[in-house]
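Given the structure is predicted, the values throughout are model-derived calculations rather than measurements. In what follows, every chain begins at residue 1, and chains take the letters A, B, ... in the order their sequences are listed.
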Amino acid sequence: MPELPEVQTVLTTLQPRLLGLRIERVEVFLEKIIKSPHPREFVAWLQGRSITGLGRRGKYLLLELDGTHLLAVHLRMTGRLVYSNPDTPRDKHTHLVFYLNNGDELHYHDLRKFGTMNLMLIDEFAAFCSQKDLGPDALDPDLTKELFEKRFQGRRGQIKKLLLNQSLVTGIGNIYANEILWRARIHPERTVQSLASVDMEELYRAMRSVLQEAVAGRGTTLRDYVDGEGNPGSFQSQLAVHGREGEPCPECGKEIIRLKTGGRSAFVCADCQPQTKRSEV
DNA sequence: CAGGTAGCCTGTTAGC
DNA sequence: TGCTAACAGGCTACCT
């Protein structure tokens, strides 16, 4: 589910509510969500710790505890982290509840149970990222156009697959990959080697602008996504191509088609995103 | 090595 | 209406 804009929205909605609160108790209803440490220690380590900061790296939401520990939450497809009142009912998909010292709760809800949590020392986070081979965050101010292009140099394969590869740049998923490629006027099946420098420049610009606009729109809710307060996003109304098979391209009016590449749906305007190089058209 | 598929899960939807 | 199959935003392991 959530890609960079959605995780960012969860972060900004949770931050003012959670900051400074203490986790009194943790109840785990589905242990498989907890990847490390062992669920027993996970609970013991968390209890009594204060939330001293919130952050994000790609699609990981980060809770800093006591300034020493870090809880990395990945929502995968259908995970939700929602600030809740004690009278909020817990349904069968609520797998973890954090009881807070002000009487409120933080609920982890996940229909498909793909989400993960890793608790670690802050010092271990760099090793965690390199073990997961996470590239720079797609909205990292330090990720310049030049650095972005460099990361794709020497790589092979279809550009869409590489955009989804979190080791090159982290935070982009299927929705925004489709939107970014449309805005950059690049066909998803073009290979990186076939892209000129101007194409990579367009791609970088499209990546930044699409993601920034999606953050401003509080993310995209197609089905399951809600923010830290349980509210859906609004960017779905601004999607140009994703999920819009058969609708007209907002740019040229030609019908949007759906392709299958890399096992994922790609939505394309065949006119705006030609398979050949720009100069050859 | 690039590309494809299956698997992890459950619910919704398209098609018969 | 009821049933079945395909599909859904992520990521990994494994196959060709």
Between C1' of C:dC11 and CG of A:Leu163, the distance in whole Å: 16 Å

Expressed as a whole number of angstroms, how long is the span from A:Ile34:CD1 to B:dC8:P?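 Interatomic distance, CD1 of A:Ile34 to P of B:dC8: 21 Å.
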
Could you work out which one of C:dC11, B:dC9, C:dA8 sits closest to the side chain of A:Arg76? C:dC11

Pairing check on B:dA6: which nucleotide meets the Watson-Crick or G-U wobble criteria with it, both distances under 3.5 Å? C:dT12

With both distances kept under 3.5 Å, what pairs with B:dC1, Watson-Crick or G-U wobble?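 With both distances under 3.5 Å required, B:dC1 matches none.
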
Hey, does A:Thr220 reach any base, or is it just sugar-phosphate, or nothing, if we go heavy atoms under 4.0 Å? base

Who passes side-chain contact (heavy atoms from CB on, under 4.5 Å) against A:Lys132, sequence neighbours left out? A:Tyr60, A:Phe128, A:Leu134

What orientation do A:Phe148 and A:Tyr204 show, parallel under 30°, tilted 30 to 60°, or perpendicular over 60°?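 Tilted: the ring planes of A:Phe148 and A:Tyr204 meet at 30° to 60°.
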
Base-contact (B) and sugar-phosphate-only (S) positions in nucleotides 1-6 of chain B, heavy-atom cut-off under 4.0 Å, - elsewhere: -SBS--

Between protein and nucleotides 10-16 of chain B, map the contacts as a letter string: B base, S sugar-phosphate only, - none, heavy atoms under 4.0 Å, written 5' to 3'. BB-S---

Please compare A:His74 and A:Arg258 by the position of their nearest nucleotide in DNA chain C and report the one closer to 5'. A:Arg258

When you compare C:dA6 with B:dT5, how far apart are their P atoms, in angstrom units rounded to a whole number? 13 Å

Can you check whether A:Phe114 stacks with the B:dC9 base, using ring centres under 5.5 Å and planes within 30°?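 No, A:Phe114 does not stack on the base of B:dC9, since the centre distance and plane angle fail the 5.5 Å and 30° test.
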
